[in-house]
Peer 1: 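Here it is: the structure, laid out below.
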Amino acid sequence: MIRVLFFGPVAERVGSSEIQVTFATGMRLQDLHRQMQGMYPAAFEIVCFTAMNGEHVRDMQLPVSDNSEVVFMSKFSGG
Amino acid sequence: MIRVLFFGPVAERVGSSEIQVTFATGMRLQDLHRQMQGMYPAAFEIVCFTAMNGEHVRDMQLPVSDNSEVVFMSKFSGG
Amino acid sequence: MNGRTTKAEVRIQQEDFSQDEEISALRASSKRMGGIATFIGCARDFSEGRSVAKISFDAYGSMAEAEMKKLRAEAIARFTLLDARIVHRVGVVGAGEQIVFIAAGAEHRAPALQACHWLIDELKLRVPIWKKEITPEGESWVTSHP
Amino acid sequence: MNGRTTKAEVRIQQEDFSQDEEISALRASSKRMGGIATFIGCARDFSEGRSVAKISFDAYGSMAEAEMKKLRAEAIARFTLLDARIVHRVGVVGAGEQIVFIAAGAEHRAPALQACHWLIDELKLRVPIWKKEITPEGESWVTSHP
């Protein structure tokens, strides 16, 4: 299982702050992104950062391991 | 009478924080400066600013009026 | 060091913070500290032409705290600070209330002031926190960096 | 404005100051204040290779206060601040204690941070105050601007 988290404006557009996605062998971040984008197109209009297991990820080719925590995030507005 | 004030390191070298100088008609700041410098040469080695009646003065040709407060000051070190 | 228990240098919390308390914790780390620069971000009652009653913050808490810790360590190394502290509130903050606190202490003033400016700029870019403005007309998430 | 009596925006005083009190007075001036930058100068216990126990300040009080008021007005105009405060202690200050406090509040963070940096730099150049370091080996007036 992959835990996918959403926060702030993305969570609002998804209508949920966490969903579970079944892990598949050979899965890459871009596969997960594409799958989520298909399910929540409005939310993914504003997604511009991805984090895996608490770290910023720039390379979407990165493989996803089982039990990972992946977060698709919009631009930050803290401070 | 002119009140001449000294502060910090200048006062320490003069050995006093205030002296009275007799006013003379036509007196300019440079005259007062020269007179004080003759009396307290060690103090005037470190004097680099002059104030008259609470305002910075750059033009030492300025006339001094009677009852003025003149301050000969070393470089500031506040903050 | 002096027997008092002080709060962590980097925190995300709902409650307000005290500058006096933060500065005193910062100063306790070294008597060589000649300059301390701080920045406090407050909730404005007006933004882009609308009045704002409250601001609500959502955060990816574990990552936000980890990023703030990295920022603190980077600032200490980059500006040769003696110490630094970062506190960010989450939850609901009323207009005029404090949101974020940054403090940087160094031997001299220039590195402290530069580090403080750098820290708040980087925090806005790197730390996963989102604000929603609550106005009399409704609510909306903020997406720009003013 | 809100019925509390607050201290003057620009002061020279012997006693220590509270950041919480100063910041709360600053914030009371406007709810449009989004960014507050502060600078605190502290007495270091070490300067140019010697340990320093205390610092003693002498000031040309009336002119120092007038210059600090001019600095505040100039900073408010130059950086479009909503408010600013400057407090400088005189008399004897122990190692590690606070000497000077500057706060600048603006709608956004950049002008507040820039104004704070400008104010402490200009204060050191323009305000007639002198410090003497009291060390175990003796006393000496400071003449440089580190």
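Naming convention: chains lettered A, B, ... in sequence-line order (proteins, then strands); numbering from 1 in each chain.
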Peer 1: Is it the case that over 12 heavy atoms from other parts of the model lie below 6.0 angstrom from the NZ atom of K70(D)?
Peer 2: yes

Peer 1: Find the one option among S18(D), G41(D), A95(D), G96(D) whose heavy-atom pairs under 4.5 Å with chain C are most numerous.
Peer 2: S18(D)

Peer 1: Donor-acceptor pairs under 3.5 angstrom involving side-chain atoms of residues 52-65 of chain D: please list them, not counting sequence neighbours.
Peer 2:
{"unit_1": "D58(D)", "atom_1": "OD2", "unit_2": "G8(B)", "atom_2": "N", "d": "2.6"}
{"unit_1": "Y60(D)", "atom_1": "OH", "unit_2": "E69(B)", "atom_2": "OE2", "d": "2.4"}

Peer 1: Under 4.5 Å, heavy atom to heavy atom, which residues of residues 32-40 of chain C contact chain D?
Peer 2: R32(C), M33(C), G34(C), G35(C), I36(C), A37(C), T38(C), F39(C), I40(C)

Peer 1: Is the shortest side-chain heavy-atom distance between W118(D) and E74(D) below 4.5 Å?
Peer 2: yes

Peer 1: Side-chain polar contacts of residues 81-88 of chain D - donor-acceptor pairs under 3.5 angstrom, sequence neighbours left out - could you list them?
Peer 2:
{"unit_1": "D83(D)", "atom_1": "OD1", "unit_2": "R72(D)", "atom_2": "NH2", "d": "2.8"}
{"unit_1": "D83(D)", "atom_1": "OD2", "unit_2": "S29(D)", "atom_2": "OG", "d": "3.3"}
{"unit_1": "R85(D)", "atom_1": "NE", "unit_2": "E22(D)", "atom_2": "OE1", "d": "2.7"}
{"unit_1": "R85(D)", "atom_1": "NH2", "unit_2": "K7(D)", "atom_2": "O", "d": "2.9"}
{"unit_1": "R85(D)", "atom_1": "NH2", "unit_2": "A8(D)", "atom_2": "O", "d": "3.2"}
{"unit_1": "R85(D)", "atom_1": "NH2", "unit_2": "E22(D)", "atom_2": "OE1", "d": "3.4"}
{"unit_1": "H88(D)", "atom_1": "NE2", "unit_2": "G79(B)", "atom_2": "N", "d": "2.8"}

Peer 1: Do the non-hydrogen side-chain atoms of V93(D) and K131(D) ever get within less than 4.5 Å of each other?
Peer 2: no

Peer 1: How far apart are the closest heavy atoms of M68(D) and V10(D), and which atoms are they?
Peer 2: CB-CG1, 3.5 Å

Peer 1: With sequence neighbours excluded, tell me which residues meet ring-ring contact (aromatic ring centres under 6.0 Å, His included) with F101(D).
Peer 2: F17(D)

Peer 1: Measure distances from A43(C) to the heavy atoms of chain D and classify the residue's part below 4.5 Å as side chain, backbone, both or neither.
Peer 2: backbone

Peer 1: At a heavy-atom separation under 4.5 Å, does A104(D) approach chain C through its side chain, its backbone, both, or neither?
Peer 2: neither

Peer 1: Which atom pair, heavy atoms only, marks the closest approach of E133(D) to S47(D)?
Peer 2: OE2-OG, 3.1 Å

Peer 1: Below 4.5 Å, heavy-atom pairs only: which of D45(D), D20(D), L113(D) has the largest tally toward chain C?
Peer 2: D20(D)

